[in-house]
Structure formats: structure tokens, C-alpha cells
Amino acid sequence: MDATHLSNGPVSLPLRSLSPRLPPAAAAAAFLLRSRAALRPSRRRNLCLASSSETLVGGSLREEEGKRRGEVVVSKKEEEDDLKSWMHRNGLPPCKVVLKERASHNERHQPIHYVAASEDLQVGDVAFSVPNSLVVTLERVLGNETIAELLATNKLSELACLALYLMYEKKQGKKSFWYPYIRELDRQRGRGQLAVESPLLWAESELDYLTGSPTKAEVLERAEGIRREYNELDTVWFMAGSLFQQYPYDIPTEAFPFEIFKQAFVAIQSCVVHLQKVSLARRFALVPLGPPLLTYRSNCKAMLTAVDGAVELVVDRAYKAGEPIVVWCGPQPNSRLLLNYGFVDEDNSYDRLGVEASLNTEDPQYQDKRIVAQRNGKLSKQLFYVYAGKEREAVWDMLPYLRLGYVSDPSDMQSVISSQGPICPVSPCTERAVLDQLVEYFESRIAGYPTTLSEDETLLADPSLNPKKRVATQLVRLEKKILNSCLQAAVDLINQLPDHTVSPCPAPYAPYLK
């Protein structure tokens with residue numbers, strides 16, 4: 001239900017009541033105190049209202065009743081008036097794509113829509129060109145107001161601003177110009193083309209599917225970041241009054257509970273496009289017919305591109321009519337693809353894991369080692385990325401840094417300081433100690449996963465596997481493959497040592513691996 005359907009209309013805020021003599025921050029603070037007191041009685045009503053919507057768009061009473069019964073309810077008129085038809089009526093020129101659908105894993109949810117070729121396409125064809133009038137950017141949202149005031153607080157991202165804008169537009173229901181687009185975003189429910197939501201929306205028990213993976217910590221950290229942005233919504237709302245002056249609704253945290261904002265944020269995150277060679281106010285864009293209706297792929301080179309007055313897609317491969325259109329998702333590892341879009345790419349050449357190495361700060365020669373590391377482009381706490389298929393090269397890249405950490409003799413340290421390049425004197429026992437540490441580290445990380453690679457393969461062979469567990473298993477399986485390849489690389493180096501009987505040197509100040 002929309003706010004406009006309430007018998008008691010929402011409170012109208014006097015947005016222009018701020019005194020122009022007050023600095024923006026002071027005016028905002030003063031107005032915030034006055035407004036909170038005035039708005040507090042309506043809070044319970046509006047929070048209940050917002051809670052009735054699962055993502056961005058609140059439905060009709062018939063739709064809400066259908067949702068409670070587990071039914072998918074879409075009016076015949078809305079079926080006919082789809083997103084593409086609305087876009088054509090509002091300036092979308094003839095294009096070479098159609099909207100098709102595939103079934104959702106959850107029968108209670110509507111099918112997933114996707115963009116497919118409406119005819120055979122050749123490399124270099126323009127699939128579609130969306131006019132700027134149908135693209136949502138901060139430039140469009142803010143109008144003539146400078147973006148600097150909004151973002152100067154450095155506490156709210158472009159994604160949060162776009163999410164907040166569409167949440168207020170959602171409250172206008174069918175009166176909003178963007179209603180057909182918001183309805184489509186709601187239909188997608190923040191799901192990618194695998195019909196799986198971002199782990200940001202998973203239950204705590206479902207996050208256990210990621211046990212052992214660093215992605216689990218990334219999910220929790222991102223969720224905390226969204227919480228911090230939510231807490232800043234009111235301040236930005238007051239300091240950028242022109243952004244919301246057309247909405248006679250409560251301030252953000254009064255109008256929307258955190259869970260609703262998080263769902264909207266994740267939905268926007270799954271479809272925002274990062275445009276290149278445009279102004280700051282246009283770099284993050286919501287493009288109807290763009291993601292999540294387009295399918296992301298790591299080995300694709302086609303990108304949505306800003307051209308004169310529009311955002312267009314030029315395809316990088318041939319398509320037969322009916323085939324889904326794919327675009328490049330940028331150089332993102334699978335952990336980021338899962339976090340942002342709810343899928344994992346098995347052929348992702350950008351997939352990687354991080355290995356954090358750090359010099360021991362208790363080492364009497366720590367400062368000298370830190371200087372040597374910096375001279376060779378490394379830090380006292382250095383993150384090494386291990387890319388899929390390049391694990392051996394990554395292990396070789398770590399060795400000079402770890403060898404430096406194992407230097408203990410002051411005369412050896414002076415030799416290292418006076419030398420050029422990342423060369424350290426390495427005795428057989430030191431090399432064995434370095435390699436043993438790597439082996440133990442990779443074995444420890446692999447042991448942190450509750451399943452083995454073979455068990456993952458068995459799970460993925462089950463066609464009835466829960467979709468969230470499937471995508472999580474795909475991720476951890478690929479991570480284990482990287483770690484196992486690193487482990488094998490370290491073992492191979494040990495086997496290449498001339499004397500296997502040499503015991504590792506004691507290392508009271510060995511570097512740390514995390």
C-alpha cells in the first residue's frame with residue numbers, strides 16, 4: 001500500500017523553513033530537533049506501512065493478500081504495460097532486444113526477467129540506446145543543486161542516495177514517473193540472473209554456507225557499512241532539501257526501517273552501472289534494460305557506455321534471436337560478484353584470494369626491514385593477491401618478502417640494506433623454514449572449510465540443492481582450488497631443495513601470515 005492511500009495523510013514537512021543565515025550543518029541540526037518532535041506520533045503508522053513492502057515497491061491490497069497466501073499476483077494491465085512498453089512511450093527508440101523470463105527457484109516469487117536479442121545480432125550492433133531522460137543518476141536527482149554539498153559529508157554513498165530517492169518515489173505509487181521501473185526492480189527482488197539474492201539478505205544460518213571463506217566477513221562488514229549509511233540519511237535529507245522537497249513524507253529513518261532500506265540498497269547495488277568518462281554526478285547510473293536484466297559475464301567486453309544524450313550497449317559477439325544479452329561486470333573476483341549480484345562465474349579470470357603478510361613488529365630489526373620492504377614496493381603489512389591460474393607466480397612473489405622477515409643476523413641485514421633489489425641471503429635451513437610456513441598456512445586455511453573439494457563436487461551434482469547453498473558451494477570450491485594450487489606450489493619448491501634432510505632454522509621473529 002502507498003502512503004497516498006492512507007485516510008490520514010502523511011505529515012508535510014516545511015522544507016524551506018530553514019533560516020538562510022544559519023550554516024547548513026547548524027540549520028540541519030536545529031531543524032532535525034524540531035522535526036523529530038513533530039513527526040514522532042506518526043512513526044508507528046509509517047513503519048508499519050513501509051514494512052508491508054519487501055523491496056522498493058508496495059503493491060495493491062490484492063497483491064499484498066496474494067503475497068500472504070504465497071501467490072504471484074500481477075494485474076492484466078500491468079502485464080501488458082511492461083517496462084519496455086513504458087520506455088518506448090517515453091523516448092526509447094526502436095531497439096533489438098526483448099524482455100523474456102525464466103522461472104524462479106522459489107515458486108512463490110515471480111519469474112526472473114532478462115534481456116534477449118529480438119533478432120540475429122552481429123558484433124558491433126547497437127542492441128539498445130536508452131535516452132538520458134530514462135536514466136537515473138545523481139545529476140538527475142539533484143537537478144541544479146551542487147553534488148558537493150551532499151557528498152562532502154563523506155558518510156553517504158551514491159548508492160544510498162539513489163536508493164533513498166527511489167524509496168521516496170515508491171511511496172508515490174503509480175503517480176511516480178518511475179513506477180514501471182521500480183516495479184521491475186521489485187520483481188527482481190535484488191536477485192541476479194541465477195535468481196539468488198546477495199548474501200547481504202541471507203539469514204544467519206544461510207551465511208554459514210560461507211564458513212571458511214573470507215567472503216563471510218566481507219558480508220558482515222558491508223552490512224555494517226549499510227547500517228552506518230542508514231544512520232546518516234536524516235542529515236543528508238536536511239542538508240540537501242531540494243532533493244526531497246517534492247515528497248510530503250517523514251524524514252528517512254522515520255519513514256523507512258533499516259531492513260527496508262537495506263533491501264532497497266541491495267536492489268540498487270545489483271543494478272547500478274558505473275559509467276566511464278562522465279562527470280562525478282553521472283558515474284553511477286540506473287539504466288532500465290541494464291542490469292540485472294542484462295546477464296553479467298567476466299569474459300565479456302561489451303559495456304554500457306555513455307554517448308551523446310544516451311546510454312547505449314554495443315554487443316561484442318554474435319547472437320541468435322532469443323539468446324540472452326551479456327555484458328562485462330568489470331574486473332571483480334567471485335566474492336564481489338556474489339556479494340553484489342548473487343552469482344559466481346566459474347570462468348572468472350579475475351577471481352582471486354588475498355594473503356596478508358606482515359613483518360614482526362617485535363623484531364629488533366623491524367625498522368630496517370620496513371625500509372627495505374618499502375624500497376622494493378612493499379609495506380610492513382602487505383596484501384598479496386593470488387589469482388586463479390597464477391598461484392605459482394603468487395607464491396614466488398611472496399618468497400622475497402618472507403625471506404626478509406627471516407633475516408636475523410645483523411651483518412646479513414646490513415648486506416640486505418646495501419644491496420639492490422629484493423635479494424636476501426638465504427641459507428638452506430632458512431629457505432626450508434619459509435616454505436614450511438607457507439605450507440602450514442595454506443593447510444590451515446583449507447582446514448577452515450567444513451567440507452572438502454570432493455564433498456563440494458557431490459553437493460553441486462545434486463539438482464535439488466538449495467540455490468543459496470549451491471552458489472555458496474561454487475564460491476568455496478573455487479577458493480579451495482586456489483588454495484590447493486598454492487599448497488602444491490610450496491610443496492613442489494620444497495621437493496626441489498637440494499637437501500631434504502636440512503631442518504628449518506629457528507625464527508623467533510618470523511613474519512605473520514593471515
Side-chain angles (χ1 to χ4, degrees), residues 74 77-104 110-137 140 177-188 191-195 267-268 270-278 282-330 337 341 343 345 347:
V74 180
K77 181 178 184 301
E78 287 184 350
E79 284 179 341
E80 296 172 351
D81 186 24
D82 66 8
L83 175 69
K84 191 164 174 284
S85 299
W86 167 74
M87 293 177 69
H88 281 304
R89 289 200 313 272
N90 288 281
L92 177 69
C95 57
K96 300 177 181 179
V97 299
V98 293
L99 282 181
K100 303 190 77 172
E101 63 181 39
R102 62 170 58 95
S104 172
Q110 296 184 60
I112 289 287
H113 277 165
Y114 65 95
V115 171
S118 60
E119 59 188 74
D120 291 353
L121 299 178
Q122 301 301 319
V123 175
D125 283 352
V126 177
F128 59 76
S129 181
V130 179
N132 285 344
S133 59
L134 291 174
V135 176
V136 185
T137 63
R140 180 184 179 93
F177 172 77
W178 298 106
Y179 176 76
Y181 179 47
I182 297 174
R183 186 182 68 223
E184 186 63 40
L185 293 181
D186 186 53
R187 180 192 185 101
Q188 300 298 107
R191 297 172 293 178
Q193 288 305 308
L194 294 181
I268 297 302
S270 72
C271 61
V272 73
V273 175
H274 193 176
L275 297 176
Q276 305 295 317
K277 300 178 181 179
V278 297
R282 294 181 58 208
R283 65 175 179 171
F284 288 102
L286 302 177
V287 184
L289 293 184
L293 299 177
L294 290 171
T295 303
Y296 273 138
R297 189 163 296 169
S298 299
N299 61 3
C300 178
K301 296 304 178 186
M303 298 173 59
L304 287 167
T305 306
V307 296
D308 187 24
V311 175
E312 71 175 19
L313 175 64
V314 177
V315 299
D316 71 331
R317 62 194 65 193
Y319 290 94
K320 295 293 185 182
E323 290 183 339
I325 303 293
V326 299
V327 293
W328 188 44
C329 53
L337 295 181
Y341 315 115
F343 81 99
D345 189 344
D347 299 318

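Since the model is a prediction, treat every value here as computed from it, not as a measurement. Values below: every heavy atom of this structure, side chains too, minus hydrogens, waters and symmetry copies.
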Study note, to complete from the structure: Taken to the nearest 0.5 Å, the spacing of Met87 CE from Leu289 CG works out to 4.0 Å
Point to revise | Taking every non-hydrogen atom, the tightest pair across Pro291 and Ser270 | key: CB-O, 4.0 Å
Review point. Say you draw a straight line from NZ of Lys84 to NE2 of His113; how long is it, rounded to the nearest 0.5 Å?
Key: 12.5 Å
Practice item. Quick one: do Val97 and Leu313 satisfy side chain to side chain contact (heavy atoms under 4.5 Å, CB included)? Show the steps, please. Key: CA-CA 11 Å; Val97 299; Leu313 175 64; over 6 Å; no
Check your understanding: What pair of heavy atoms forms the shortest contact from Cys271 to Leu185, and how long is it?
Key -> SG-CD2, 3.7 Å
Point to revise | Where Ala302 and Cys300 come nearest, the two heavy atoms and their spacing | key: N-SG, 3.4 Å
**Study point:** Ser129 side chain reached by Val311 side chain, heavy atoms, under 4.5 Å
**Key:** no
Exercise for review: Just do the side chain to side chain contact (heavy atoms under 4.5 Å, CB included) check on Cys329 and Ser298 with the steps written out, would you?
Suggested key: CA-CA 6 Å; Cys329 53; Ser298 299; 3.8 Å; yes
Check your understanding: For Tyr296 and Leu337, what are the C-alpha separation, side-chain angles and deciding distance, and is it a side chain to side chain contact (heavy atoms under 4.5 Å, CB included)?
Key -> CA-CA 9 Å; Tyr296 273 138; Leu337 295 181; 5.8 Å; no
Study note, to complete from the structure: Heavy-atom nearest pair, Val135 first then Trp178, reads N-CH2, 4.1 Å
Under 3.5 Å, which donor-acceptor pairs do the side chains of residues 314-325 form with other protein atoms, sequence neighbours left out?
unit_1	atom_1	unit_2	atom_2	d
Asp316	OD2	Lys301	N	2.9
Tyr319	OH	Val326	N	3.1
Glu323	OE1	Lys320	N	2.9

Review point. To the nearest 0.5 Å, how far apart are NZ in Lys100 and CZ in Arg102?
Key: 10.0 Å
Point to revise | Taking every non-hydrogen atom, the tightest pair across Leu293 and Leu99 | key: CD1-CD2, 4.0 Å
**Study point:** Cys95 side, atom SG; Asp125 side, atom CG - distance, nearest 0.5 Å
**Key:** 12.5 Å
Check your understanding: Hey, is the main chain of Val278 close enough, under 3.5 Å, to the side chain of Arg283 for a donor-acceptor pair?
Key -> no
Exercise for review: List the steps and the verdict of side chain to side chain contact (heavy atoms under 4.5 Å, CB included) for His274 and Phe284.
Suggested key: CA-CA 5 Å; His274 193 176; Phe284 288 102; 4.2 Å; yes
Check your understanding: Can you tell me if Trp328 uses its side chain to pair, donor with acceptor, with the backbone of Asn299 under 3.5 Å?
Key -> no
Revision key, fill the gap. Tested for ring pair (Phe, Tyr, Trp, His ring centres under 6.0 Å) against Trp86, the lone hit among Phe177, Tyr181, Tyr179 is Phe177
Practice item. Supply the atom-to-atom distance Ile268 CD1 to Leu286 CG, rounded to the nearest 0.5 angstrom. Key: 5.0 Å
**Study point:** Interatomic spacing from CZ in Arg140 to CG in Leu134 - rounded to 0.5 Å
**Key:** 7.5 Å
Point to revise | Asp345 (side chain) donor-acceptor with Asp347 (main chain) under 3.5 angstrom | key: yes
